[in-house]
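A quick write-up on the structure given underneath.
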Amino acid sequence: MEYLNKLNKEQRAAAMYTEGPLLILAGAGSGKTSTMTHRIVYMTEEKGIDPYNILAVTFTNKAAKEMKDRVETLIGHGLNSWILTFHSACLRILRSHAEVLGYGRDFAVYDPTDQKTMIKNIIKELGIDAKRYTPSYFLGIISKCKEKPITAEEYTNVYGDDIKAKTVAQVYGMYERALKKNNAMDFDDLLLNTVRLFKKDETVLLKYQNRFRYIMVDEYQDTNRMQYMFIKMLAEAHNNICVVGDDDQCIYQWRGADIRNILEFEKDFKDVKVVKLEQNYRSTSNILGAAHSVISNNRSRKSKKLWTDQDAGNKIVYYRAEDERDEAYFIASEINRMKSSDRKYNDFAILYRTNSQSRTFEEALSRREIPYRVLGGLRYYDRKEIKDITCYLRLVQNKADDLALIRIINEPKRGIGGKTLEKLRTLAAVRQESIFNTLMDREVISSFSSKISSNIESFTELINSYSSEKENLRISDIYDGLLVKSGYLKALEEQNTLEAESRIENLMEFKSVIYNYEDEDPNITLPEFMERIALLAEVDNHDAGENAVVLMTMHSAKGLEFPFVFMPGMEDGLFPGWRAFDREDGLEEERRLCYVGITRAKERLWLTSAERRTLYGKTDYTRESQFLRELDKSLIEGDAIFEKKKRDVGQGVFSDGITEGSSFKPFDQLKYARQQMKKNLEDSSDDLSAGDMVSHPKFGEGKVLSCDGKIVQISFDGDVKKLAVGFAPLKKL
DNA sequence: CTCAACTAGGTTTTT
DNA sequence: CCTAGTTGAG
């Protein structure tokens with residue numbers, strides 16, 4: 001019980017209240033995670049609750065991982081509770097019961113890019129005027145529907161049956177059918193289908209109700225309707241549900257988060273115990289005061305007031321820059337200045353409203369050779385090259401994935417262009433089979449010119465050889481092999497541009513991600529790996545130990561903290577964003593976001609804005625953010641010090657002597673990784689004959705039994721494996 | 001079929 | 001400003 005002494009009175013009360021519904025209203029920095037982890041420890045260690053019966057859901061993988069790690073550190077061993085994100089919890093459940101809903105067990109998860117591609121196809125197919133209806137228009141509506149939920153059939157009943165609604169309903173319907181046909185679910189489906197599953201098959205629901213007798217939900221203020229139903233259905237049986245949240249930090253309403261979930265929790269469940277955590281352990285009182293002066297302009301909020309016993313600390317710095325470059329250079333030099341006093345780079349964070357703001361900062365930071373890390377924005381697998389290679393992997397795993405095939409069949413260029421592909425698609429549609437299957441038909445292939453048909457053949461051969469070997473190969477070897485043998489890497493190298501170089505770099509980085517997974521679980525299979533990737537946001541990759549300044553949106557920063565925080569772009573129209581005024585509650589949500597941003601800071605906070613800002617190629621004069629006007633002025637240190645110094649001294653030279661154009665080389669892992677990859681593949685010798693001794697990275701040493709030039713049979717300790725010559729990573733001994 | 005040159009449209013935030 | 005998509009010349 002000693003470990004509970006680290007908690008304050010309220011925290012302890014929350015941790016020890018294990019039976020019945022519990023609402024923890026936890027202000028920013030009030031030790032929420034600590035309370036939750038101790039609660040789990042208390043339940044398992046003191047109350048004798050089997051960890052197997054505990055379910056804890058979070059929004060991000062990062063939060064889930066952190067909670068799990070912290071519990072395991074406290075108890076000193078692993079535990080078999082489910083501590084997962086909503087989406088991965090649903091995915092896990094669906095994997096075991098998908099057939100109840102008519103899906104195959106190995107259904108794919110489609111990410112937003114896939115969704116967009118599908119909608120584009122449908123728009124084309126229906127001949128819809130692409131100028132009036134964009135893919136994102138449909139996707140937005142569809143996603144909203146799935147949150148309610150409203151099916152495609154119900155759509156016109158709800159929204160009338162004018163042309164517009166009919167079009168939407170039609171697209172929605174086709175989208176759903178296409179998903180089903182591809183045996184795929186989108187992110188919304190994961191939740192929706194789990195709830196459907198629970199409704200459809202009571203034994204399944206009972207099974208999980210019976211397992212999860214104790215349920216915890218993090219960031220409850222951000223749950224949407226489906227997430228609420230998911231939790232509610234599971235919790236109904238035992239009623240041991242603990243939700244943690246802060247209505248002031250609800251920043252996902254635009255995405256369907258329903259703030260009523262937390263405001264009405266006390267009505268939803270009977271005899272709710274409420275605990276308020278109001279002592280902030282994170283920030284100085286100046287920072288807290290600033291946060292409070294902003295958020296108190298919101299009308300609809302549960303009453304609570306954070307307090308701290310920390311000192312006032314430094315005042316908040318506000319700097320009004322000339323333009324966004326000046327803003328970035330100011331921040332970069334402030335980091336330099338602070339850094340000298342034995343601080344590490346990862347003590348600094350730059351939190352902005354929109355991802356597009358990151359560019360200027362990247363420039364300014366690299367010019368000063370300040371290491372930085374941009375999180376979010378284009379996610380890893382949204383980048384073209386990552387998406388491409390992922391599609392190769394997807395196709396290897398599941399040859400029926402038409403979406404993946406279409407994307408890569410001519411990437412890199414192998415002379416299979418639009419015309420050819422169109423023929424193949426219609427043919428496959430007529431024959432009601434996957435495109436890949438159609439490609440395997442010799443008759444079909446021979447109907448094309450000899451050049452095209454041989455191209456097709458080598459493509460199918462490439463996929464097939466890895467597909468048949470996928471059980472034997474490590475993911476990293478499949479990855480290397482595909483990159484090299486598809487010619488993808490070569491095509492990039494031949495471009496010989498800076499851009500191609502950075503693409504290669506990204507591919508190498510992706511490879512190190514693969515290595516990490518393999519290190520954690522040497523037996524990880526391709527499907528397992530793909531699954532983890534699908535639900536991974538880049539923020540989850542944030543390594544707090546890396547000595548680099550962190551750049552991300554305020555949204556992504558929720559749940560994190562930094563000693564020094566910069567919030568640039570404090571201008572009306574940017575923050576709060578102009579779009580905030582479309583929605584009734586939009587401004588309040590922006591204000592909550594501002595609150596979240598400010599409360600990330602532990603010691604010092606800088607706010608900046610620019611007089612002129614170039615956005616989408618247009619330069620405009622700006623007005624200082626209304627949030628600045630709301631801030632308690634007595635907490636701000638003026639910008640007097642900076643006003644007099646012109647930061648731009650002459651052409652391209654900045655006041656601290658850094659010259660424009662001095663290039664910045666990040667690091668040269670890249671060359672090394674590429675050499676290794678090539679070497680790895682060259683090792684896979686193709687001139688093997690019976691009797692040779694070889695070594696395989698996964699199976700160890702073995703003896704070649706036979707080799708016909710295509711397939712080699714090797715005995716590893718009596719275990720005979722068939723491997724494809726030229727593809728398996730074999731080393732002749 | 002590919003490549004280059006051009007145009008139009010779009011940007012909030014994310015699992 | 002950037003990207004994705006289109007068009008026209010090889």
Side-chain angles (χ1 to χ4, degrees), chain A residues 57-64 84-91 109-113 115-117 120 124 130-132 134-137 140 143 146-147 185-191 219 222-224 226-227 250-257 324 351-360 375-379 381-384 410 412-422 448-449 451-452 455 491 495 499 533-540 552-558 569 573-583 586 589-590 592-594 596-597 613-619:
Chain A
V57 278
T58 63
F59 273 84
T60 63
N61 296 294
K62 186 182 188 318
L84 297 169
T85 65
F86 274 103
H87 293 268
S88 16
C90 288
L91 182 58
V109 177
Y110 277 6
D111 72 16
T113 320
Q115 292 178 280
K116 212 172 146 195
T117 317
K120 271 186 197 162
K124 228 183 213 164
K131 288 204 173 110
R132 294 185 38 181
T134 61
S136 52
Y137 170 76
S143 177
K146 290 192 177 185
E147 275 161 12
M185 299 189 196
D186 62 24
F187 283 173
D188 295 319
D189 283 337
L190 293 177
L191 278 151
E219 310 278 13
D222 282 326
T223 49
N224 66 25
M226 275 301 127
Q227 287 159 338
C250 175
I251 54 175
Y252 285 111
Q253 271 180 301
W254 55 274
R255 210 186 93 198
E324 72 270 13
L351 309 180
Y352 35 74
R353 177 66 241 265
T354 65
N355 279 306
S356 53
Q357 285 168 264
S358 71
R359 263 203 135 69
T360 339
L375 298 181
L378 271 184
R379 267 180 313 187
Y381 65 105
D382 265 349
R383 288 178 198 147
K384 186 183 178 314
N410 202 28
K413 305 273 179 299
R414 41 173 83 83
I416 307 173
K419 272 269 163 55
T420 315
L421 185 58
E422 209 39 59
F448 293 103
S449 73
K451 199 171 173 198
I452 292 179
N455 286 340
Q495 277 182 28
E499 198 206 341
I533 293 297
L535 294 176
L536 197 71
E538 203 180 345
V539 195
D540 302 323
M552 63 178 127
T553 64
M554 288 176 245
H555 279 92
S556 323
K558 195 174 67 165
L574 184 60
F575 189 37
W578 52 273
R579 281 205 132 176
F581 298 94
D582 297 352
R583 288 171 47 91
E589 175 145 325
E590 293 282 300
R592 288 193 289 269
L593 186 58
C594 185
V596 168
R613 183 173 295 275
T614 311
L615 230 74
Y616 324 129
K618 271 212 163 70
T619 307

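Proteins get letters first, then strands, A, B, ... in listed order; numbering begins at 1 in each.
Computed from coordinates, the A:Asn355 CG to B:dT14 C1' distance equals 10 Å when rounded to whole Å. The distance between atom CD1 of A:Ile251 and atom C1' of B:dT14, rounded to the nearest whole Å, is 10 Å. In this structure, A:Lys120 places its NZ atom 7 Å from C1' of C:dA4, rounding to the nearest Å. Distance NZ (A:Lys124) to P (C:dT6): 6 Å, rounded to an integer number of Å. Between the P atom of B:dT13 and the OH atom of A:Tyr352 lies a distance of 10 Å, rounded to the nearest Å. Atom CG of A:Leu593 and atom P of B:dT13 are 11 Å apart (whole Å). Note: CZ (A:Arg359) to P (B:dT11) measures 17 Å, nearest angstrom. A:Leu190 places its CG atom 19 Å from the P atom of B:dT14, with the value rounded to the nearest Å.
DNA chain B is contacted by both A:Thr420 and A:Glu589; A:Thr420 maps to the nucleotide lying nearer its 5′ end (nearest heavy atom per residue). A residue-by-residue look at A:Trp578 and A:His87 shows that A:Trp578 has its nearest nucleotide of DNA chain B further toward the 5' end.
When each of B:dT11, B:dT2, B:dT14 is scored by its nearest atom to the side-chain atoms of A:Lys413, the top-ranked nucleotide is B:dT2.
Summarising the geometry, atom CG belonging to A:Asp188 is positioned 6.5 Å from atom CD belonging to A:Gln115; distances are rounded to the nearest 0.5 Å. With values rounded to the nearest 0.5 angstrom, A:Lys384 atom NZ is found 12.5 Å from A:Thr113 atom OG1.
Using a 4.0 Å heavy-atom criterion, one finds that A:Thr614 contacts no nucleic acid atom at all. A:Thr134 comes within contact range of the sugar-phosphate backbone alone, with a heavy-atom separation under 4.0 Å but no base atom that close. The residue A:Asn410 sits close only to the backbone: its heavy atoms come under 4.0 Å of sugar-phosphate atoms, none of a base. Contact annotation for A:Tyr252: backbone-only contact, meaning every heavy-atom pair under 4.0 Å involves sugar-phosphate atoms and none involves a base.
Phosphate proximity of B:dT13 to A:Ser556: absent, as no side-chain N or O sits under 4.0 Å from OP1 or OP2.
A:Leu351 pairs with exactly one of A:His555, A:Met554, A:Gln357 by the side chain to side chain contact (heavy atoms under 4.5 Å, CB included) rule, that one being A:Met554.
Comparing the same atom, P, in C:dA4 and in B:dT13 gives a spacing of 15 Å after rounding to whole Å.
Aromatic stacking of A:Trp254 on B:dT13: satisfied, with centres closer than 5.5 Å and planes within an angle under 30 degrees.
Every residue meeting the side-chain contact (heavy atoms from CB on, under 4.5 Å) condition with A:Lys116, not counting sequence neighbours, appears here in chain and number order: A:Lys120, A:Pro135, A:Leu139.
Summarising the local packing, CZ of A:Arg414 is surrounded by more than 12 heavy atoms from other residues, nucleotides or ligands at distances under 6.0 Å.
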